[in-house]
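Everything on this sheet refers to the single structure shown next.
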Amino acid sequence: MSTSQALIENRRLRVLQSLHEVGDGRMGEPVLLRVLRLEGCPTDFDVLRADLDWLEHQSCIRIEKLPTETPGDVVWVAVLTATGSRVVDGVQRINGVARSPIR
């Protein structure tokens with residue numbers, strides 16, 4: 001596995017873990033981006049949206065698109081699904097997401 005692929009898989013796992021750590025399993029992309037950066041996951045807005053879109057296609061999250069004060073603009077809110085929770089707990093494996101240690 002290449003270094004870049006390992007970073008991508010780790011970042012996707014960290015997204016799921018961050019959602020798992022909050023009470024309702026929901027987090028807006030601005031906060032999620034900040035959390036990832038603070039934890040040393042190199043990312044930007046476009047990369048995060050690509051990861052969120054990919055995770056939604058794997059049924060790990062659901063994306064809610066909420067309007068902002070700017071016409072035509074939306075903020076994405078990632079919502080952890082049961083599949084995503086199982087990945088975080090280490091009982092389900094998704095290719096493209098780093099393995100989580102079994103809790």
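Along the sequence shown, residues are numbered consecutively beginning with 1. As a basis for the values below, the full set of heavy atoms in this structure was taken, side chains included, without hydrogen atoms, waters or symmetry mates.
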Grab the two heavy atoms, one from [X] and one from [Y], that are nearest each other, plus how far apart they are.
X: Ala98; Y: Leu13; answer: O-CD2, 3.7 Å
X: Leu19; Y: Ile61; answer: CD1-CG2, 3.7 Å
X: Asn10; Y: Cys41; answer: ND2-SG, 4.2 Å
X: Val97; Y: Trp54; answer: CG2-CZ3, 3.6 Å

Task: Any pair counted as salt bridge (Lys or Arg N to Asp or Glu O under 4.0 Å), so long as it reaches residues 47-63, sequence neighbours left out - done: Arg11-Asp51, Arg12-Asp51, Glu29-Arg49, Arg62-Glu64

TODO: Give every residue pair that meets the salt bridge (Lys or Arg N to Asp or Glu O under 4.0 Å) criterion with at least one member in residues 31-40, sequence neighbours excluded.
DONE: Arg14-Glu39

Can you name the side chain to side chain contact (heavy atoms under 4.5 Å, CB included) partners of [X], sequence neighbours left out?
X: Ser85; result: His20, Leu80, Asp89
X: Asp24; result: Val22, Arg26
X: Thr3; result: Leu7

- [ ] Quick one: list whatever passes side chain to side chain donor-acceptor pair (under 3.5 Å) with Thr83, sequence neighbours left out.
- [x]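 Only Arg86 meet the side chain to side chain donor-acceptor pair (under 3.5 Å) criterion with Thr83.
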
With a cut-off of 3.5 Å and sequence neighbours excluded, list every side-chain donor-acceptor pair involving residues 66-79.
{"residue": "Thr68", "atom": "OG1", "partner": "Thr70", "partner atom": "N", "Å": "3.2"}
{"residue": "Thr68", "atom": "OG1", "partner": "Thr70", "partner atom": "O", "Å": "3.4"}
{"residue": "Thr68", "atom": "OG1", "partner": "Asp73", "partner atom": "O", "Å": "3.4"}

TODO: Check whether any side-chain heavy atom of Ile94 sits under 4.5 Å from a side-chain heavy atom of Leu55, and report yes or no.
DONE: no

Task: Shared hydrophobic cluster, Ile8 / Val47 (ILVMFWY, side-chain heavy atoms < 4.5 Å) - done: no

TODO: Could you state whether Met27 and Leu52 fall into the same hydrophobic cluster, counting links through intermediate Ile, Leu, Val, Met, Phe, Trp or Tyr residues with side-chain heavy atoms under 4.5 angstrom apart?
DONE: yes

Open item on the list: I'd like to know if the side chain of Gln17 pairs up with that of Glu21 as donor and acceptor (distance under 3.5 Å, no hydrogens or angles considered).
Closed with: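 Looking only at side-chain atoms, Glu21 and Gln17 do not form any donor-acceptor pair under 3.5 Å.
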
